[in-house]
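Below, chain A is the first sequence line, B the second, and so on; all start at residue 1. What's counted below: heavy atoms across the whole structure, side chains too, no hydrogens, waters or symmetry copies.
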2 protein chains.
Amino acid sequence: MDSHPSHGDRSAACDELFKALSDGTRRALLEYLVRQGEQSVHALTAISAVSQPMVSRHLAKLKRARLVTARRAGRETYYSARVKGLAPVVQWMAIYGALWSQRFTALEELADPA
Amino acid sequence: MDSHPSHGDRSAACDELFKALSDGTRRALLEYLVRQGEQSVHALTAISAVSQPMVSRHLAKLKRARLVTARRAGRETYYSARVKGLAPVVQWMAIYGALWSQRFTALEELADPA
DNA sequence: TCAATTCATAACTTTATGGTTATGGATTTG
DNA sequence: CAAATCCATAACCATAAAGTTATGAATTGA
């Protein structure tokens, strides 16, 4: 089943990525991090419609999908968007025909900069 | 909450798209359709690891996300991949900074060929 | 006509997911 | 030190989702 060993388990990565992105609250968190840069959980809770524990759990899911990174500073945890994390998704989209894959080629280098 | 009215309900579209893509079986079906072209449910069941009813339900979900189209011919239903269906996802990804959005610009025209 | 094929839907089970409130650890601050 | 702040986790609930088998409608073919 592993048609390209060097890619590792890309399918599993896509599963986690797509699942992580399939929730509007998580996408909103990610968008905010992309636009505003590193933010504390407190700040992210303030702009979210859900409770702080839920924000923490959403962030944990984004982190497991490698779409954000966390940095602890004292009692605060600062999260940042990890742009490269989308790469497996972009690579997967390359199945969508030549037109698309041509344009995606440059992006694939981000993930596989060999 | 509607920061850009002309986009319609893009967020809901992304929700359905990402959810549709978050399942490996569905992605496999889609990949097969992209590579092999129009296929009957029977043929798609043959290449899937799950039962025929499950294949039908996965296809229904892909159809609701507008990632496939269905054509009934006698007792068979032929499904086809709908390439443009990914457009909202691609557009959403444009939030990922200038580097990415530059390259996505051309793709966005696919969805909004005004 | 009768049997077989193709597909979708119903009914059901199990597990995953999004949400809540409550709690407790770690760190600042008064 | 005590109180307040920040965060993560636990416990719980409700719903969604993936899977199964059973069934039935529609079409094809003998």
With sugar-phosphate meaning primed atoms plus P, OP1 and OP2, does A/Tyr78 contact a base, only sugar-phosphate, or nothing at under 4.0 Å between heavy atoms?
nothing
Need one value for A/Ser40: base, sugar-phosphate or nothing, where a base atom within 4.0 Å counts as base even if backbone is also close, heavy atoms only.
sugar-phosphate
My understanding is that only residues two or more places apart in sequence, or in another chain, count here; which of them pass salt bridge (charged side-chain N to carboxylate O under 4.0 Å, His left out) with B/Glu38?
B/Arg71
With A/Asp15, which residues qualify under salt bridge (charged side-chain N to carboxylate O under 4.0 Å, His left out), at least two apart?
A/Lys19, B/Arg27
Which atoms of nucleotides 1-5 of chain C (N or O only) lie under 3.5 Å from a protein N or O atom, and what are those distances?
| from | atom 1 | to | atom 2 | distance (Å) |
| --- | --- | --- | --- | --- |
| C/dT5 | O4' | B/Arg75 | NH1 | 3.3 |
| C/dT5 | O2 | B/Arg75 | NH1 | 3.0 |

By nearest heavy atom, map A/Ala73 and B/Leu59 onto DNA chain C; which one lands nearer the 5' end?
B/Leu59
Check whether any side-chain heavy atom of B/Met93 lies under 4.5 Å from a side-chain heavy atom of A/Val90, and answer yes or no.
yes
Are B/Leu86 and B/Leu21 packed together at the side-chain level, in the sense that at least one heavy-atom pair is separated by less than 4.5 angstrom?
yes
Which atom names give the shortest non-hydrogen contact between B/Ser80 and B/Leu33, and what distance separates them?
C-CD1, 4.2 Å
Where A/Thr77 and A/Ala70 come nearest, the two heavy atoms and their spacing
CG2-CB, 3.9 Å
Would you say B/Thr77 reaches C/dA8's phosphate, i.e. side-chain N/O to OP1/OP2 under 4.0 Å?
yes
Using OP1 and OP2 only, check whether a side-chain N or O of B/Tyr79 sits under 4.0 Å from C/dA8.
yes
Rounded distance (Å) that lies between atom [atom2] of [N] and atom [atom1] of [X]:
X: B/Leu44; N: C/dT6; atom1: CG; atom2: P; result: 13 Å
X: A/Leu62; N: D/dC7; atom1: CG; atom2: P; result: 16 Å
X: B/Lys63; N: C/dT9; atom1: NZ; atom2: C1'; result: 14 Å
X: A/Glu76; N: D/dC6; atom1: CD; atom2: P; result: 6 Å

What pairs of nitrogen or oxygen atoms, one from the protein and one from nucleotides 18-21 of chain D, lie under 3.5 Å apart?
| from | atom 1 | to | atom 2 | distance (Å) |
| --- | --- | --- | --- | --- |
| D/dA18 | OP1 | B/Arg26 | NH1 | 3.1 |
| D/dA18 | OP1 | B/Arg26 | NH2 | 2.7 |
| D/dA18 | N7 | B/Arg57 | NH2 | 3.1 |
| D/dG19 | OP2 | B/His58 | NE2 | 2.6 |
| D/dG19 | O6 | B/Arg57 | NH1 | 2.9 |
| D/dT20 | OP2 | B/Ser51 | N | 3.1 |
| D/dT20 | OP2 | B/Ser51 | OG | 2.9 |

Just list the side-chain donor-acceptor pairs under 3.5 Å for residues 52-67 of chain A, sequence neighbours left out, or say none.
| from | atom 1 | to | atom 2 | distance (Å) |
| --- | --- | --- | --- | --- |
| A/Gln52 | NE2 | A/Ser56 | OG | 3.2 |
| A/His58 | ND1 | A/Arg26 | NH1 | 3.0 |
| A/Arg64 | NE | A/Glu16 | OE2 | 3.4 |
| A/Arg64 | NH2 | A/Glu16 | OE2 | 3.0 |

Listed partners of A/Tyr32 passing side-chain hydrogen bond (donor to acceptor under 3.5 Å, both in side chains), at least two apart
none
My understanding is that only residues two or more places apart in sequence, or in another chain, count here; which of them pass side-chain hydrogen bond (donor to acceptor under 3.5 Å, both in side chains) with B/Glu76?
B/Tyr78
The helix from C/dT1-D/dA30 to C/dG30-D/dC1: angle between its terminal axes, five pairs each, to 10°?
10°
Quick one: list whatever passes ring-ring contact (aromatic ring centres under 6.0 Å, His included) with B/Phe18, sequence neighbours left out.
B/Trp92
In chain order, what residues pass the side chain to side chain contact (heavy atoms under 4.5 Å, CB included) check against A/Ala43, with sequence neighbours excluded?
A/Gln39, A/Ser40
